[in-house]
Amino acid sequence: MSDMKEKIRSFIVENFLFGDAGELKEDTSFLNDGIIDSTGILELVDYIEENFGIKVEDDELVPENLDSIKNLEAYITRKTQSAA
Amino acid sequence: MCGIAGIVNFNNPENKTCLITRMIDAIKHRGPDSTGIFEKGPAGLGHARLSIIDLHTGDQPVYNEDHSICVVFNGEIFNYPDLRRELINAGHRFYTETDTEVLVHLYEDMGPGMFQKLNGQFAFAIWDSTKQKLLLGRDRVGIRPLFYHETHGRIIFGSEIKAIFKDESIPRKMDIHTLSDIFSCWSPLGSETIFEDVHQVPPGHYAIFSVDGFTVAPFWQLSFGVPCDSYKSCEQWMEDMGALLEDSTRIRLRADVPVGAYLSGGIDSTYVSSLVRRKFNNHLNTFSVGFTDNRFDETVFQKIAAESIGTNHHSIHCSDNDIGELFPEIIWHTETPILRTAPVPLFMLSRLVRENNFKVVLTGEGADEVFAGYNIFKEDKVRRFWARNPSSRIRPKLVERLYPYIFSQENNKARIFLEGFFKKNLESTELPYYSHLLRWQNTSKIRTFFSNDVIQNIGNLSDFTDKFMGTLPEGFMNWEPLSRAQYIESTLFLSNYLLSSQGDRMAMGNSIEGRYPFLDYRVIEMAAKIPTEFRLNGLTEKFILKKIAHGFIPAPLVERPKQPYRAPIASCFFGKDLPGKHQLDYVDDLLSEASIKRNGYFNSKKVGSLLDKCKKNSASLISETDNMAIAGILSTQLVDHLFIRGNSFKE
């Protein structure tokens, strides 16, 4: 697992699973597995904006970008590359 | 309004008066005006009185003519003048002016058949010394509480569990199955309580205890499944229901002390207060509570209501700090873990009523169940509509209209995500509990905080839903979806949370009696016959009630979207604006690793992570689930502290 994935994963585990990784895989859907609730999504956005120096645009806030560790990594990589 | 307690012991002749005195003392807040105790043979009954009707000769217990039948009674029988006349015509002699006395005579004539005659909010115990039988009864929707502990040959009962625990022989053990139910659907199920071996007489049930044993039976059931009267026009419904609501309000004004009213700023309480002010009492006093946190505050609407009705209005504001400080005392009264802090402001409200020397208030409680006011009913309807075309981009937009506070400007970004949340199990429309599944799934996420020991014993959410399915009435799936949702909401939440943790216990904590015109059984029965399109018309909730109220109360109050009554949670315990943080030492103590480990209900590591998260960002950006977890864990620890370990909330 890449460093970025590890970093995201440990945030998810600490912040939403309270230390219990359980069955969390890199393609586990946060939404379908109830890992993030309807109000928790803002915490996630706050975290990636703070930690990866990107700004999440409104139209990017879709499950394809944010709904799993894998999707998040791909999205953040795309964003940071296009900014560079 | 009052508190009752008692013991019947067929096994041995214990001295009951001494224990019953202590039991009554434990619930003195329910009835500070006088006490009375009866002991004869195997039975002892006790009573703490809040004088409301017949201030001079109304002390209890009350007896029949030859003193063979004795009653202690908490509550009101609103149709007692009619019953009294009937009973006098049938030859009974009365020695008080109370509603209590009709109970002994009705029992003489009808036995348990008496319940059909009663219109009221009640919990009572009748001892029949001829038949050596105890009858316990509780009103149709469970407005008044009645708990008991029963073992072979002996029963001990009381209005609150703290009275029962005055008997040191009663085991004090947390029922982890009830705990798990609360952490799934917000309240205990049916007759359960958070304590093993302590139960409650369910709403609309009575119990009989004699040497032959103990039996519980229903005398009334929620009527949502009855066929609708579809021939009636909307106008006819408005006329019939309007007249009935006027009568149910009128009979709830019967008291020998002044009656005030709560004003929440919504249509229900405003309607009731308007009725009272216009038809029965033009010196009405009204009371309301607002929040310093304006996400929850409805003061503006409360002011509109009070000014338009023309009442003598009293109001109070509840701050985060108030909630944090009062929470232990609130749990002392609720006697159960809760996932909300919303009872606290209601405790402050009843205190305000008491400070103004009132003992009785009318409230708008019950209208959302009876007339279909809750968002969960609309959510069910929208999701069913969406499920018929799951790929629609337009249909999910309707969800946004239901939850403006979730789809708020600050959450604007997360729109598509939020829709995804409401799409879960979208197509499982054939599940009997489809309406509530999302709520339960979301709530049950907090079960992850349970310790391994607890988790191994409670099963998962489907064990809960299976258990709940077993309680559903026959033919349930033939009912219309809205009726199903109303039944589930009323069965689970009305009695075991709203009317208890937010209702009776918060009002009686300050010796205040609440009365609920919308929960008159005649209103419930008539409303169940209203066709569903007149209950929830499109996405207009409480359609018939709104039609009735239109032109009667200010239009902004009728037309405003329903705001659910909520209160802040995390910020009350961890917020950065709390003054005098030392006052919340109890939070640190009860959520400490040592305390969590000692009690064994929760996983101390996970609770530690949750605390870190709350403290790190001063309780901002805390999700709904985390908020529920905080309230649930803290209140469970408090229940343990106060009831299992027997500490005072002041410690």
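Naming: A, B, ... by sequence-line order, numbering from 1 per chain.
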Participant: Can you confirm whether more than 12 heavy atoms, excluding those of B:Arg401, are under 6.0 Å from its CZ atom?
Facilitator: no
Participant: Compare every heavy atom of A:Glu43 with every heavy atom of B:Asp626, then report the nearest pair and how far apart it is.
Facilitator: OD2-OE2, 4.0 Å
Participant: Calculate, to the nearest 0.5 Å, the distance between atoms CG and NZ belonging to A:Asn32 and B:Lys423 respectively.
Facilitator: 10.5 Å
Participant: Would you find a donor on one side and an acceptor on the other, under 3.5 Å apart, between the side chain of B:Lys606 and the backbone of A:Gly19?
Facilitator: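 Side chain of B:Lys606 to backbone of A:Gly19: no pair is present.
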Participant: Hey, is CG on A:Asp3 packed in by over 12 heavy atoms from elsewhere, all under 6.0 Å?
Facilitator: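 No, because the 6.0 Å sphere around CG of A:Asp3 holds 12 heavy atoms or fewer from other groups.
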Participant: Check whether any side-chain heavy atom of B:Lys424 sits under 4.5 Å from a side-chain heavy atom of A:Leu31, and report yes or no.
Facilitator: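 Contact flag for B:Lys424/A:Leu31 side chains = no.
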Participant: With only heavy atoms counted, which part of A:Leu66 is less than 4.5 Å from chain B, the side chain, the backbone, both or neither?
Facilitator: both
Participant: Please report the closest heavy-atom contact between B:Lys445 and A:Phe16, naming both atoms and the distance.
Facilitator: NZ-O, 3.7 Å
Participant: Determine whether more than 12 heavy atoms belonging to other residues, nucleotides or ligands lie under 6.0 Å from atom NZ of A:Lys5.
Facilitator: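 Counting neighbours around NZ of A:Lys5, more than 12 heavy atoms of other residues, nucleotides or ligands fall under 6.0 Å, so yes.
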Participant: Contact part of A:Asp67 toward chain B, heavy-atom cut-off under 4.5 Å: side chain, backbone, both or neither?
Facilitator: both
Participant: Between B:Phe449 and chain A, with a heavy-atom cut-off of 4.5 Å, which part of the residue counts as in contact: side chain, backbone, both or neither?
Facilitator: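 Side chain only.
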Participant: Measure the spacing between CG of A:Asn15 and OG of B:Ser623 and express it to the nearest 0.5 Å.
Facilitator: 8.5 Å
